[in-house]
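Structure record follows, encoded as structure tokens.
Chain identifiers are assigned alphabetically (A, B, ...) following the order of the sequence lines, protein sequences preceding nucleic acid strands; residue numbering begins at 1 within each chain. What you see below is based on every heavy atom in this structure, not just the backbone, and it leaves out hydrogens, waters and symmetry mates.
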2 protein chains.
Amino acid sequence: MKAATAMATLIEQHFSADNPLRQVVLVACGGSLVDMYPAHYFLNRESAQLHSYMMTANEFVYAPPKTLGKQTLTIVCSHGGNTPESVAAARLAREHGSVTITLTHNPEAGLLNWSNHNVLYEWGGESQVTNNPMAQILSYCVEAVEQTEGFAGYADFQHGLAQIDGIIARACQQTLPRSADFAARFQHESLFYVLSSGASYGHAYGFAICSLMEMQWLNAASIHSGEFFHGPFEVTDETTPWLVMVNEGQTRPLDERVVAFLQRYAKKIEIIDARELGLQQIAANVVDYFNPVLFYSVMCTYRSALAGIRHHPLETRRYMGKTHY
Amino acid sequence: MKAATAMATLIEQHFSADNPLRQVVLVACGGSLVDMYPAHYFLNRESAQLHSYMMTANEFVYAPPKTLGKQTLTIVCSHGGNTPESVAAARLAREHGSVTITLTHNPEAGLLNWSNHNVLYEWGGESQVTNNPMAQILSYCVEAVEQTEGFAGYADFQHGLAQIDGIIARACQQTLPRSADFAARFQHESLFYVLSSGASYGHAYGFAICSLMEMQWLNAASIHSGEFFHGPFEVTDETTPWLVMVNEGQTRPLDERVVAFLQRYAKKIEIIDARELGLQQIAANVVDYFNPVLFYSVMCTYRSALAGIRHHPLETRRYMGKTHY
């Protein structure tokens with residue numbers, strides 16, 4: 001309910017009939033940008049009044065949307081809170097008159113200098129929605145829609161937030177043996193394709209660039225399930241590994257079509273199915289938005305298992321924090 | 001000027017003060033979706049009134065935006081004109097009351113059944129802007145902005161359209177020896193990363209999924225230059241090939257930062273620089289949008305050289321049109 005109160009205060013203080021909230025800009029880098037995709041997807045699906053933009057921070061700094069101004073809410077997330085591009089983005093937003101919500105786990109973050117409202121979350125505890133920036137950003141955007149134009153799925157969404165921690169805890173238990181088996185089978189691979197659709201596409205991208213490329217120095221690429229059949233599938237053979245996150249909800253047929261194809265023509269496949277992991281307990285009109293929240297925590301068990309068997313700790317870096325760039 | 005007249009007619013026939021044009025939805029699959037990215041980028045940068053959505057066709061069919069309706073212009077492109085998801089998307093758009101512009105090179109296309117206005121282009125002649133769907137979609141969106149709210153760069157954009165064919169012809173000559181050298185050096189590689197930013201990011205994605213994955217059965221991934229330093233760069237080593245398309249315009253610093261890093265830590269790099277290829281002739285306030293039009297034709301010389309030396313013709317497929325999926 002914190003998001004509800006905070007959004008009500010922001011709307012009351014900064015927006016009015018003469019200056020309505022019209023745009024939401026979601027800005028961050030890498031893993032934090034990944035955390036914004038479900039909110040962007042939700043706004044595009046469910047809002048008639050709010051125009052959503054999602055941009056990597058440095059592109060926003062060099063080429064912001066024309067609409068950036070007093071009718072804009074800019075949400076900026078940076079785990080450490082001092083990513084230079086993200087701090088510059090929050091600053092630029094404020095200089096253009098935009099209201100900003102920031103998210104960080106660092107109470108001393110430079111980002112706080114440019115924040116109208118900050119969400120301080122606990123790092124390491126992000127399998128609970130109250131500390132999960134992805135779920136938090138989504139909640140704030142649900143509030144933005146509910147409090148400006150109304151959202152018919154609002155009560156179901158709140159109920160989903162109350163259900164998801166339990167679903168995730170059980171799903172992670174359920175996938176522990178699977179992720180160990182996955183790690184054993186895939187430990188010597190050097191390239192992975194990661195597929196999903198709907199609100200989860202952002203997490204397919206996130207698993208590729210953060211969990212595999214950054215944390216394991218493994219080559220990886222995300223592919224949208226709907227795009228797979230229009231180019232990418234020509235690389236399918238029996239030697240390349242494919243991870244498919246199958247959504248519960250509207251875009252499930254897109255993911256299922258990929259799985260059916262891969263089961264015919266590929267050999268190295270790992271399927272992570274939100275329905276099988278219990279997500280269908282959440283109301284059908286809002287379940288789409290909870291898929292990536294579930295996949296995030298479940299896929300953490302996969303990356304931990306892979307890191308363990310490969311003796312490559314998740315926090316090992318060769319460039320980030322070690323060189324200037 | 002065809003786009004200007006066509007858009008004026010569509011606006012006069014279908015939109016009014018009571019029913020203004022408010023949304024543009026850009027829908028297609030694979031290579032045709034790639035062709036929509038510059039228009040989506042342009043609308044986000046330059047329009048205060050038009051909300052742009054860009055979606056792969058099957059996701060649009062299963063999960064369309066809430067706003068889809070009479071205030072929406074939906075643009076659907078399909079080279080062959082019978083891609084089932086794209087035809088279904090145009091049909092869904094019309095059923096929701098949206099006006100549709102379709103683009104295809106097939107005068108008998110199924111897509112035409114759901115079209116308010118069709119752009120028939122000549123396939124094989126797409127290095128000229130009049131036959132290039134990417135440039136055409138961009139032109140129609142420039143007209144949509146000009147004719148609804150006005151676009152300060154309109155005259156410069158039209159001048160750019162008159163300049164770009166000549167710039168492209170010279171740039172392709174300039175890159176012929178380079179692309180032959182590239183093909184010789186990279187012929188035995190099995191994985192490529194393709195980077196760019198701004199309006200050209202879509203073409204980085206397109207070169208990865210169409211030119212490399214589909215047409216050469218080579219592994220590939222696109223990375224946004226702004227995202228590179230937030231995860232992906234940890235895979236950088238001396239063995240992996242990197243292609244960087246350096247834009248002329250606002251986001252050039254993002255691409256240059258990638259090049260500077262790769263020149264320190266990577267060995268296999270190919271840089272395609274729009275400035276060096278003559279794009280700075282175009283007015284600075286609109287040059288950003290012409291980068292991907294240039295890169296499309298220039299990168300065709302690269303993929304042809306690669307196909308030649310690898311004895312893998314660009315049209316070879318193992319699944320598309322050969323199996324059911």
Non-hydrogen atoms of B:T67 and A:A48 that approach each other most closely: CG2-CA, 3.5 Å

As an exercise: rank A:P65, A:S47, A:C29 by heavy-atom pairs under 4.5 Å with chain B and give me the winner. A:C29

Pair count under 4.5 Å, heavy atoms only, with chain A: among B:N58, B:T83, B:V235, B:L68, highest is B:V235

Could you tell me which of B:L212, B:N44, B:L43, B:T323 has the largest number of non-hydrogen atom pairs under 4.5 Å with chain A? B:N44

Heavy-atom pairs under 4.5 Å with chain B, option from A:F228, A:Y201, A:W217 with the top count: A:W217

Per-residue contact mode, B:R317 against chain A (heavy atom under 4.5 angstrom): both

Contacting moiety of B:L218, where chain A heavy atoms sit under 4.5 Å: backbone

Looking at B:Q216, is its backbone amide N or carbonyl O close enough to the side chain of A:E234 to form a donor-acceptor pair, meaning the two atoms are under 3.5 Å apart? no

Is it the case that the side chains of B:E214 and A:H230 hold a donor-acceptor pair, with the cut-off being a distance below 3.5 Å and no angle test? no

Please look at A:R264 and chain B and tell me whether the side chain, the backbone, both or neither of the residue comes under 4.5 angstrom of a heavy atom of that chain. side chain

Do you know which of A:H51, A:M213, A:K66 has the most heavy-atom pairs with chain B at a distance under 4.5 angstrom? A:H51

Look at A:Y41, A:F229, A:Y62 and state which one has the largest set of heavy-atom pairs under 4.5 Å with chain B. A:Y62

Under a 4.5 Å heavy-atom cut-off, does chain A meet the side chain of B:S52, its backbone, both or neither? backbone

By a 4.5 Å heavy-atom criterion (distance strictly below it), what part of B:L191 contacts chain A: side chain, backbone, both, or neither? side chain

Answer key: most heavy-atom pairs under 4.5 Å with chain A among B:G231, B:G30, B:A208, B:P253 is B:G231

B:Y193 vs A:N219 side-chain heavy atoms within contact, under 4.5 Å: yes

As an exercise: rank B:I223, B:D288, B:T236, B:L33 by heavy-atom pairs under 4.5 Å with chain A and give me the winner. B:T236

Would you confirm whether B:E59, through its side chain, and A:G198, through its main-chain N or O, come within 3.5 Å as a donor-acceptor pair? yes

What part of B:R252 gets within 4.5 angstrom of chain A, counting heavy atoms only: side chain, backbone, both, or neither? neither

Tell me whether B:R45 contacts the main-chain N or O of A:P64 through its side chain, where contact means a donor paired with an acceptor under 3.5 Å. yes

Of all heavy-atom pairs between A:A221 and B:A221, which one has the smallest distance, and what is that distance? CB-CB, 3.4 Å

Which of the residues A:G226, A:P232, A:G249, A:S32 is involved in the greatest number of heavy-atom pairs with chain B at under 4.5 angstrom? A:P232

Hey, would you say the B:F233 and A:Y325 ring centroids sit under 6.0 Å apart? yes

For B:Q49, which atoms come within 4.5 Å of any heavy atom of chain A: side chain, backbone, both, or neither? neither

Heavy-atom closest contact (A:A28 atom, B:E227 atom, distance): O-OE2, 4.2 Å

Mind checking whether A:F261 and B:Y319 have ring centres under 6.0 Å apart? yes

So which residue, A:H324, A:M320, A:R318, ends up with the most heavy-atom pairs under 4.5 Å with chain B? A:R318

